[in-house]
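In what follows, chains carry the letters A, B, and so on, assigned in the order in which the sequence lines appear, proteins first and then strands, with residues in each chain numbered from 1. Note that these values count all heavy atoms, side chains included, but never hydrogens, waters or copies made by symmetry.
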Amino acid sequence: MSLLMTIVSLMYLISAACYVIGLHMMRTPKTARNGNRVSAVGMIIAVIMTFLIALHQNEATMTGSLILVVGLVLGLGYGTIRARTVEMTDMPQLVSLFNAVGGGAAAAIGTFDYLSMAAGSHLHFAFSFPVALDLVIGGITFSGSLIATGKLAGKISGKPITFPGAKLLNAVVVIVILVSVVLTIGFAANSWWLILTLCASLVFGILMTIPIGGADMPVVVSLLNAFTGLAVSMAGFVIDNQALIIAGALVGAAGTILTLQMAAAMNRSVMNIIAGGFGTGDSNSAAAD
Amino acid sequence: MSQELYTNIAIFVLSILVGFEVISKIPATLHTPMMSGANAIHGVVVVGTILIALEAHSILFYVIAFIAVFLASVNVAGGYVVTDRMLTMFSKPKKSDDQSQDGGEK
């Protein structure tokens, strides 16, 4: 390991520690704000270290660097302005929107790396497995969170939207996802498998979210938030970056616990909310603990 | 299985376990800020998008990389700022009286 990579790895470790400490401090109102700042410091460290790697490798094309800078400036600017100007009451849908774009970014990383493989080339399992999961989970959270945003903002009816044949359609889409995942993992690189996986996942994200009522939306957003964490972690496996693996897994697990607590606070179980949406109705499937 | 893959899987599993433990019981008022804070942390995906943007060498990859960088940076910047704004509600009352207790702030 070169000196630079040693420093970068150690600083990535510090940033990971910042997320854990930050999340821990956010458990109590008194330290919560500082907790968020600790986690933000960790994020800034991780981004600076990434730029160090990039400068060191120095493989970037002019256009690539330009796209990076323009994308960063526009994205950071847009995110900051939206977050600063939003009304307090509109915050949940904004969080849901930020969650959607995170899932989208994770899916885009998977798409990028899968398409980088020459068509027809044989894929290693350690690459194709996380790519498939990344695309599926990232796709579901992207479209699902956008629907949740629309419902919370009142742009889509907050009432559960159901239609005849919804169950059948769900089953078909799930089968398509499973088939496309198998095609992605087990067969040679082919961009059609990628397109099939992405489209089916996006459709499933919509189908999963529209039948759920507006009152249950915060729990759903939290669940999708945990999903995004997992998608980011899978993207970390794809590009072999431990900062993504650690932070993604952390959010995936912490988000799951949070989802369970939010559902419990509303006297609902997560299974009931999700399954209730699929039209299996008000069965008392007793909160398993 | 390569050494790198093993290390990555080990890190993944241990991070999951840390994630389960790190937020035990939290008050209901903090549910939304906590969700938003976790949402900001998965903005770390911006690190990955920076790395792929620098690898891009043709028009299709430029487009994908641009979308990825833009989406991820909205997530990370917006996530932290909106969480901070939510949490201003919790830090207001204590500012006036007990300054003696929090001396060592950076």
Side-chain angles (χ1 to χ4, degrees), chain A residues 19-20 23-24 26-27 29 32-33 36 39-40 46 50 54 60 63-64 67-68 71-72 74-76 78-80 82-83 94-95 98-99 101-102 104-106 108-109 111-112 126 222 225 228-229 232 235 237 239 241-251 253-255 257-258 262 265, chain B residues 4-5 8 11-12 15-16 18-20 22-23 26 28-54 56-57 61-62 64-87 90-91:
Chain A
Y19 307 142
V20 176
L23 268 183
H24 192 76
M26 286 183 78
R27 289 183 317 161
R33 201 173 179 200
N36 187 49
S39 141
T50 310
T63 323
I67 277 177
L68 171 62
L72 271 180
L74 289 179
L76 295 177
Y78 177 75
T80 312
R82 283 300 302 274
L94 195 64
V95 173
F98 291 155
N99 185 44
V101 294
I109 291 180
T111 307
F112 186 100
S222 177
N225 186 39
T228 308
V232 168
F237 275 98
I239 60 168
N241 184 292
Q242 295 178 347
L244 263 65
I245 298 177
I246 296 175
L250 196 63
V251 174
I257 298 289
L258 186 62
M262 285 173 86
Chain B
E4 287 83 7
L5 181 61
N8 285 345
I11 286 175
F12 176 74
S15 304
I16 292 264
V18 171
F20 279 137
V22 74
I23 53 159
I26 57 167
T29 47
L30 276 175
H31 281 165
T32 310
M34 180 68 108
M35 176 171 82
S36 183
N39 175 53
I41 291 177
H42 70 55
V44 75
V45 69
V46 75
V47 162
T49 63
I50 291 171
L51 293 172
I52 63 163
L54 296 169
H57 284 290
F61 292 102
Y62 290 140
I64 299 173
F66 177 77
I67 294 171
V69 171
F70 177 75
L71 295 181
S73 46
V74 169
N75 183 183
V76 72
Y80 279 111
V81 175
V82 84
T83 312
D84 194 61
R85 273 193 66 198
M86 273 181 206
L87 290 168
F90 294 97
S91 54

Legend entry - Set of residues satisfying ring-ring contact (aromatic ring centres under 6.0 Å, His included) with respect to B:Y62, sequence neighbours excluded: none
Legend entry - Candidate list A:N225, A:V251, A:V20, test side-chain contact (heavy atoms from CB on, under 4.5 Å), partner B:I41, passing option: A:V251
Going from [atom1] on [X] to [atom2] on [Y], what distance comes out if it is rounded to the nearest 0.5 angstrom?
X: A:I245; Y: B:F12; atom1: CD1; atom2: CZ; value: 8.5 Å
X: A:L258; Y: B:M34; atom1: CG; atom2: CE; value: 6.5 Å
X: B:I67; Y: A:F112; atom1: CD1; atom2: CZ; value: 12.0 Å
X: B:F66; Y: A:L72; atom1: CZ; atom2: CG; value: 10.0 Å
X: A:Q242; Y: B:N8; atom1: CD; atom2: CG; value: 5.0 Å
X: A:N99; Y: B:N75; atom1: CG; atom2: CG; value: 7.0 Å

Legend entry - Residue pair B:L87 / A:R33: nearest heavy atoms and the distance that separates them: CD1-CA, 3.7 Å
Inset, instruction - For residues A:G104 and B:L71, report the shortest heavy-atom separation together with the two atoms involved. - result: C-CD1, 3.8 Å
Legend entry - Side-chain (A:N36) to main-chain (B:T83) donor-acceptor, under 3.5 angstrom: no
Inset, instruction - Using modelled atom types only, decide if a donor and an acceptor are shared between the side chain of B:R85 and the backbone of A:A83 within a distance under 3.5 Å. - result: yes
Inset, instruction - Report the C-alpha distance between A:L68 and B:L54 in whole Å, list the side-chain angles of each, state the deciding distance to 0.1 Å, and finish with yes or no for side chain to side chain contact (heavy atoms under 4.5 Å, CB included). - result: CA-CA 7 Å; A:L68 171 62; B:L54 296 169; 3.9 Å; yes
Heavy-atom pair count under 4.5 Å with chain B, highest-scoring of [options]:
options: A:V232, A:L76, A:L74, A:N241; answer: A:L76
options: A:G229, A:A32, A:A247, A:A40; answer: A:A40
options: A:A249, A:A126, A:S222; answer: A:A249
options: A:L94, A:T111, A:L23; answer: A:L23
options: A:G248, A:G71, A:A54; answer: A:G71

Toward chain B, the part of [X] with a non-hydrogen atom under 4.5 Å:
X: A:A46; value: both
X: A:R82; value: neither
X: A:L244; value: both
X: A:F237; value: side chain

Inset, instruction - Say whether A:Y78 and B:S73, considering side chains only, have a donor N or O and an acceptor N or O under 3.5 Å apart. - result: no
Inset, instruction - Answer yes or no: are there more than 12 heavy-atom neighbours, outside B:H31 itself, under 6.0 Å from its atom NE2? - result: yes
Inset, instruction - Mind running side chain to side chain contact (heavy atoms under 4.5 Å, CB included) on A:M26 and B:I26 for me, showing each step along the way? - result: CA-CA 9 Å; A:M26 286 183 78; B:I26 57 167; over 6 Å; no
Inset, instruction - Considering only heavy atoms and a distance below 4.5 Å, find which of B:I16, B:I52, B:I11 pairs most often with chain A. - result: B:I52
Legend entry - Listed partners of B:A72 passing side chain to side chain contact (heavy atoms under 4.5 Å, CB included), at least two apart: A:A105, B:V45, B:V46, B:T49
Legend entry - Per-residue contact mode, B:L30 against chain A (heavy atom under 4.5 angstrom): side chain
